[in-house]
Amino acid sequence: MRILITGATGLVGREIVKQCHARDISINYLTTSKDKIASKDDYKGFYWNPSSNKIDLNCFEGVSAIINLAGASISQRWTPKNKKRILASRIDSLRTLHRGLKEFGADSITSFVSASAIGIYPDSLTNYYTEENQEVDDSFLGKVAETWEHEIDKFLYFPFNVTKIRIGLVLSADGGALPEMAKPIKNYVGAAFGSGNQWQSWIHVSDLARMFIFSIENQLVGVFNGVAPNPVNNNKLVKEIASALKRPLFLPNIPHFAMKLILGQMSYLLFASQRVSSKKIEEEGFQFNYTNVCMALRQIYQHASQEKTSKVSYSNEYSS
Ligand SMILES: NC(=O)c1ccc[n+]([C@@H]2O[C@H](COP(=O)([O-])OP(=O)(O)OC[C@H]3O[C@@H](n4cnc5c(N)ncnc54)[C@H](OP(=O)(O)O)[C@@H]3O)[C@@H](O)[C@H]2O)c1
């Protein structure tokens, strides 16, 4: 089997590639950076430039499923220019893929699975969101996710399965929000944000990657939340990160206005609250390896410190 991935070089993509290789699934991937192109049989890169609708059609050769993760990072100042880039990168990528598939032909494709985000759900301390919810958050993030999903729906034109995974806060030592949250805690200046009551629907990166592969292998169709079964509030998350890092927490929570001064509109990311259900994918038979945040964080930090130790002993071995 061969899967085409866009955004394969990012945090989630790298984990999906790793898990696919462990299952003997080969990868073609589209990248916007020519210097990230590799040409191994099980990991073949192809250049594309979605902003000018440019795509190498050879990327579809031998492919039976597509995973779409491409998009400029939302963790950058939300200036008008960056906001435009965040939205356009997602829409242009989907349009370029759509046109490429029309031109190449989609007969061999059985599944198209795309990332979306739980930022689509309205900010709320009390709601518990399932995929049935139709309301959209009245924020830049809500608008991005809604427009993104609308564009994904255009793939229903093709005869293959179309699946959207609304991703929550991805926990990994290798990138994303966790290392940023952990930095002040490691330096003894960590604290929760605002009231700390805002819900954070997190997921371990390895469960999320398995979910993408699961939806292809089980031919899922429709929307699924990409979150673990037990969301936590920000107070609890920060406390568990501190505990996993063996650091004390003694500072008062950081007020919203302070973060707004530092991060501008992007501070919304730290204060928005979405409590999201994982029930639908579990009912399809998906089993999470990391159901509680304490377990997930311990695995992440244990694994990171083991990797560090093995790198040190490797370099000692080769320098002696
Ligand atoms: N991580 C999270 O907590 C989280 C939460 C909710 C939703 N998501 C969504 O899930 C997807 C994957 O997340 P991630 O954390 O793996 O993201 P990531 O690490 O930022 O990777 C995204 C990839 O998209 C590609 N990309 C960047 N700018 C692009 C552009 N202008 N046009 C086309 N492609 C571009 C890059 O690949 P190349 O350089 O190879 O082109 C990059 O490696 C993203 O769309 C993200 O918004 C993530």
Side-chain angles (χ1 to χ4, degrees), residues 4-19 27-38 43-56 59 67-76 81-97 100 113-121 137 140-149 151-152 163-181 200-209 211-212 223-228 231 237 266 269-270 272 274 276 296 300:
L4 171 66
I5 307 181
T6 74
T9 61
L11 179 69
V12 179
R14 291 194 305 270
E15 180 66 24
I16 295 178
V17 169
K18 193 173 101 188
Q19 292 191 17
I27 302 299
N28 283 4
Y29 64 97
L30 282 161
T31 176
T32 55
S33 306
K34 286 187 176 156
D35 57 1
K36 290 187 193 164
I37 293 179
Y43 188 63
K44 268 191 212 160
F46 299 86
Y47 177 71
W48 72 335
N49 183 351
S51 62
S52 56
N53 207 6
K54 197 170 164 189
I55 183 168
D56 180 348
C59 70
I67 291 177
N68 174 56
L69 305 166
S73 171
I74 57 158
S75 298
Q76 49 180 321
K81 197 171 154 206
N82 286 344
K83 279 179 162 176
K84 207 170 151 196
R85 187 178 314 140
I86 289 168
L87 183 58
S89 60
R90 288 170 172 76
I91 304 309
D92 292 346
S93 296
L94 286 164
R95 289 191 179 156
T96 305
L97 260 183
V113 188
S114 179
S116 174
I118 62 165
I120 198 163
Y121 296 122
D137 190 41
F140 169 62
L141 277 192
K143 182 177 167 233
V144 170
E146 185 184 32
T147 319
W148 202 6
E149 291 204 359
E151 204 61 39
I152 297 165
T163 317
K164 294 180 262 196
I165 298 191
R166 291 181 177 158
I167 302 175
L169 176 71
V170 179
L171 297 185
S172 161
D174 300 328
L178 182 61
E180 297 306 315
M181 295 177 82
Q200 313 239 249
S201 297
W202 59 275
I203 183 164
H204 189 294
V205 68
S206 94
D207 276 341
L208 179 63
M211 203 182 273
F212 274 87
V223 187
F224 292 88
N225 291 327
V227 298
L237 180 61
M266 193 187 102
L269 284 175
L270 306 171
Q274 280 107 1
V276 178
I300 286 168

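As the structure lists them, so they are numbered: ligands from 1, and atoms in each ligand from 1. Quantities reported herein were computed from a predicted structural model and do not represent experimental measurements.
Taking every non-hydrogen atom of L11 and a distance limit under 4.0 Å, the qualifying atoms of ligand 1 come out as 15 (O), 16 (O), 19 (O). Near T31, the atoms of ligand 1 lying under 4.0 angstrom from a non-hydrogen atom of the residue are 38 (P), 39 (O), 40 (O), 41 (O). Under a 4.0 Å criterion applied to the non-hydrogen atoms of S33, ligand 1 contributes the atoms 39 (O).
Between T9 and ligand 1, at least one N/O pair is under 3.5 Å apart. Some N or O of L69 is nearer than 3.5 Å to an N or O of ligand 1, by distance alone. For a threshold of 3.5 Å applied to N or O pairs, the pair formed by W148 and ligand 1 contains no separation below that value. The distance criterion of under 3.5 Å between nitrogen or oxygen atoms is met by G10 with respect to ligand 1. Looking at ligand 1, you won't find any N or O of A117 less than 3.5 Å from one of its N or O atoms. Considering backbone and side-chain N/O atoms, A115 never comes within less than 3.5 Å of an N/O atom of ligand 1. Here's the thing with S73: none of its N/O atoms is less than 3.5 angstrom from an N/O atom of ligand 1.
For atom 34 (N) of ligand 1, the nearest protein heavy atom lies closer than 4.0 Å.
Nearest residue to atom 7 (C) of ligand 1 from I167, T32, L141, V227 is I167 (criterion: closest heavy atom). Remark: among candidates A72, G71, A209, the nearest residue to atom 24 (O) of ligand 1 is G71, based on non-hydrogen atoms.
Of the protein's non-hydrogen atoms, V12 CG2, 3.8 Å is the one closest to atom 14 (P) of ligand 1. Among protein heavy atoms, the minimum distance from atom 1 (N) of ligand 1 is reached at V170 CG2, 3.6 Å. Closest protein heavy atom to atom 39 (O) of ligand 1: K36 NZ, 2.6 Å. Looking only at protein heavy atoms, the nearest one to atom 30 (C) of ligand 1 is S89 CB, 3.6 Å. Remark: minimum distance from atom 23 (C) of ligand 1 to any protein heavy atom is reached at G7 CA, 3.6 Å. The shortest contact between atom 46 (C) of ligand 1 and any protein heavy atom is with R90 NH2, 3.7 Å.
Rounded to the nearest 0.5 angstrom, N82 CG and L87 CG are separated by 12.5 Å. Summarising the geometry, atom CG belonging to L30 is positioned 11.5 Å from atom CG belonging to L69; distances are rounded to the nearest 0.5 Å. Put simply, CD1 on I152 and OG1 on T163 are 10.0 Å apart, with the number rounded to the nearest 0.5 Å.
Annotation: cation-pi geometry satisfied between K83 and F140 (NZ/CZ under 6.0 angstrom from ring centroid, within 45° of ring axis).
Counting all heavy atoms, side chain and backbone alike, D92 lies closest to P50 at CB-O, 3.4 Å. Considering all non-hydrogen atoms of both residues, V276 and V227 come closest at O-CG2, 3.6 Å. Taking each heavy atom of I203 and A228 in turn, the nearest pair found is CB-N, 4.0 Å. The nearest pair of heavy atoms linking V205 to L11 is CG2-O, 4.2 Å. Pairing each heavy atom of K54 with each of T96, the nearest pair is O-CG2, 3.8 Å.
No part of R85 comes within 4.0 Å of ligand 1, judged by heavy-atom distances. Contacts with ligand 1 closer than 4.0 Å are made by side-chain heavy atoms of S93 only, the backbone lying farther away. The proximity of Y47 to ligand 1, defined as any non-hydrogen pair under 4.0 Å, does not occur for either the backbone or the side chain.
V113 places a side-chain heavy atom less than 4.5 Å from the side chain of F212. Put simply, the side chain of I120 does not reach to within 4.5 Å of the side chain of W148, judged on heavy atoms.
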Check the pair E151, R95 against salt bridge (charged side-chain N to carboxylate O under 4.0 Å, His left out), reporting the backbone distance first and the verdict last. CA-CA 8 Å; E151 204 61 39; R95 289 191 179 156; 3.0 Å; yes
CA sep, side-chain torsions, deciding dist, call: K18, E15, salt bridge (charged side-chain N to carboxylate O under 4.0 Å, His left out): CA-CA 5 Å; K18 193 173 101 188; E15 180 66 24; 3.4 Å; yes
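Contact between G176 and ligand 1 is absent, with no heavy atom of the residue lying under 4.0 Å from the ligand. Residue-ligand proximity: A177 is placed with every non-hydrogen atom at 4.0 Å or more from ligand 1. At least one heavy atom of S116 sits under 4.0 Å from some atom of ligand 1. Not a single heavy atom of G175 sits less than 4.0 Å from an atom of ligand 1. Residue contacts with ligand 1: G168 is included, with a non-hydrogen atom under 4.0 Å away.
Checked by atom type and distance alone, the side chain of N28 pairs as donor or acceptor with a backbone atom of C59 at under 3.5 Å. Side-chain atoms of S201 come within 3.5 Å of backbone N or O of Q274 as a donor-acceptor pair.
Between F46 and Y29, a ring centre-to-centre spacing not shorter than 6.0 Å is recorded.
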